[in-house]
Amino acid sequence: MTCGTILTETHGRVRLVTLNRPKALNAINRQLTRELVAAAIEADADPTVGCIVVTGSPKAFAAGADIKEMAAATATEMYINDHFAAWEQFTAVRTPIIAAVAGYALGGGCELAMMCDFILAADTAKFGQPEIKLGVNPGIGGSQRLTRFIGKSKAMEMCLTGRTMDAAEAERCGLVSHVVPADRLLVEAINRRYETTLSEGVRFERRVFYATFATHDQKEGMTAFLEKRLPTFTHG
Ligand code: CO8
């Protein structure tokens with residue numbers, strides 16, 4: 001079945017859900033979020049479905065949250081709309097979900113993969129949490145889950161440098177899933193993993209993500225991406 005931003009097929013007891021926004025490298029916008037979460041809930045309620053597989057295209061599993069959609073948002077709008085909360089329904093799905101990742105799994109794309117029960121990677125897969133380059137931090141559990149997958153040191157490196165790791169490295173370090181330092185918000189978000197439960201940490205991270213929309217660096221980072229230039233950060 002084709003819905004606006006996803007394709008769903010059933011193969012025996014496997015429900016295959018393919019992200020389908022090729023022109024935007026499967027960037028995760030509100031519509032895709034709605035449709036993917038609904039597809040997962042629907043599959044979960046179907047007793048004939050034994051497993052859900054989420055995949056993207058050869059070039060991109062998903063290149064993150066849709067930057068065009070959110071670049072101009074204010075911190076207030078981010079808090080009030082709370083779009084990322086919908087992902088809690090995705091993680092509540094009891095049917096096993098496998099992420100089959102080829103190409104880019106960046107930002108929200110990497111986070112989506114980590115919300116699945118496990119990740120199968122093509123040798124073309126590239127994982128990363130490049131949000132810092134946009135003046136924001138991961139927003140749907142990246143700092144929290146990455147830490148659990150690959151340990152604090154490597155997760156800090158990944159989030160603070162924004163670098164990508166290839167499939168071989170990802171497998172070596174247990175993601176099937178690399179990085180280095182940067183700003184205070186991220187340091188705090190990741191360190192919370194030692195003080196809190198996962199769900200509390202994920203909620204904390206989401207609040208920090210929304211708060212970055214009150215900063216100049218978020219506007220500059222996202223605008224620079226859209227204008228295809230390097231950002232000039234002022235740490236404000
Ligand atoms: N959002 C919107 N559009 C995007 C995104 C994105 N994340 N990524 C790529 N695109 C678009 C480009 O703007 C471009 O569109 P156009 O042709 O209209 O200019 C098209 O996709 C193709 O992209 P490129 O020309 O850049 O392709 P390249 O092969 O040169 O580069 C990259 C591929 C390296 C993947 C590059 O596109 C890139 O760096 N993308 C941004 C990656 C990124 O920063 N992701 C993090 C986003 S922020 C985030 O995810 C926060 C998570 C919060 C929670 C998420 C909830 C779901």
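For ligands, and for the atoms within them, numbers begin at 1 and follow the listed sequence. Note that the numbering runs from 1 along the sequence shown for the chain. Everything quoted here is computed from the prediction, not taken from an experiment.
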Test side chain to side chain donor-acceptor pair (under 3.5 Å) on Thr48 and Asp46 and set out the steps. CA-CA 5 Å; Thr48 68; Asp46 184 341; 2.7 Å; yes
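- Salt bridge annotation for Arg206-Glu88: present, with a cationic side-chain nitrogen under 4.0 angstrom from a carboxylate oxygen.
- By the definition of a contact as any protein heavy atom under 4.0 Å away, atom 17 (O) of ligand 1 is not in contact.
- Proximity of a side-chain donor or acceptor of Arg21 to a complementary backbone N or O of Ala27 within less than 3.5 Å is detected.
- Remark: distances from the non-hydrogen atoms of Pro138 to ligand 1 are all 4.0 Å or more.
- Taking any N or O of Gly108, backbone or side chain, at least one lies under 3.5 Å from an N or O belonging to ligand 1.
- On a distance-only criterion, Gly107 and ligand 1 share no N/O pair closer than 3.5 Å.
- Side-chain contact between Phe127 and Val101 is present, with at least one heavy-atom pair separated by less than 4.5 Å.
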Could you go through the side chain to side chain contact (heavy atoms under 4.5 Å, CB included) check for Thr55 and Val17 one step at a time? CA-CA 6 Å; Thr55 196; Val17 183; over 6 Å; no
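- Put simply, no part of Gln129 is less than 4.0 Å from ligand 1, judged by heavy atoms.
- Considering backbone and side-chain atoms together, Lys59 places an N or O closer than 3.5 Å to an N or O of ligand 1.
- Nearest to atom 32 (C) of ligand 1 by heavy-atom distance, out of Phe84, Phe209, Tyr104, is Tyr104.
- Taking 4.0 Å as the cut-off between side-chain N and carboxylate O, Arg229 and Glu220 count as a salt-bridged pair.
- One finds a salt bridge joining Lys154 and Glu169 here, because a Lys/Arg side-chain nitrogen approaches an Asp/Glu carboxylate oxygen to under 4.0 Å.
- Panel note: side chain Asp217, backbone Thr234; a donor-acceptor pair is recorded below 3.5 Å.
- For ligand 1, the polar-atom distance check against Ala27 finds no nitrogen or oxygen pair separated by under 3.5 Å.
- Under the 4.0 angstrom criterion, atom 48 (S) of ligand 1 counts as having a protein heavy-atom contact.
- The backbone N or O of Asp66 sits nowhere less than 3.5 Å from a side-chain atom of Asn29 that would complete a donor-acceptor pair.
- There is a protein heavy atom less than 4.0 angstrom from atom 44 (O) of ligand 1.
- Annotation: Met70 places no N or O atom under 3.5 Å from an N or O atom of ligand 1; distance criterion only.
- Here Ile67 has heavy atoms under 4.0 Å from ligand 1 in both its backbone and its side chain.
- Residue-to-ligand polar distances place Lys228 within reach of ligand 1: an N/O pair is separated by less than 3.5 Å.
- When non-hydrogen atoms are compared, ligand 1 lies under 4.0 Å from neither the backbone nor the side chain of Thr33.
- Protein heavy atoms are found less than 4.0 angstrom from atom 23 (O) of ligand 1.
- In this structure, Glu9 does not pair ionically with Arg15, as no charged nitrogen and carboxylate oxygen lie closer than 4.0 Å.
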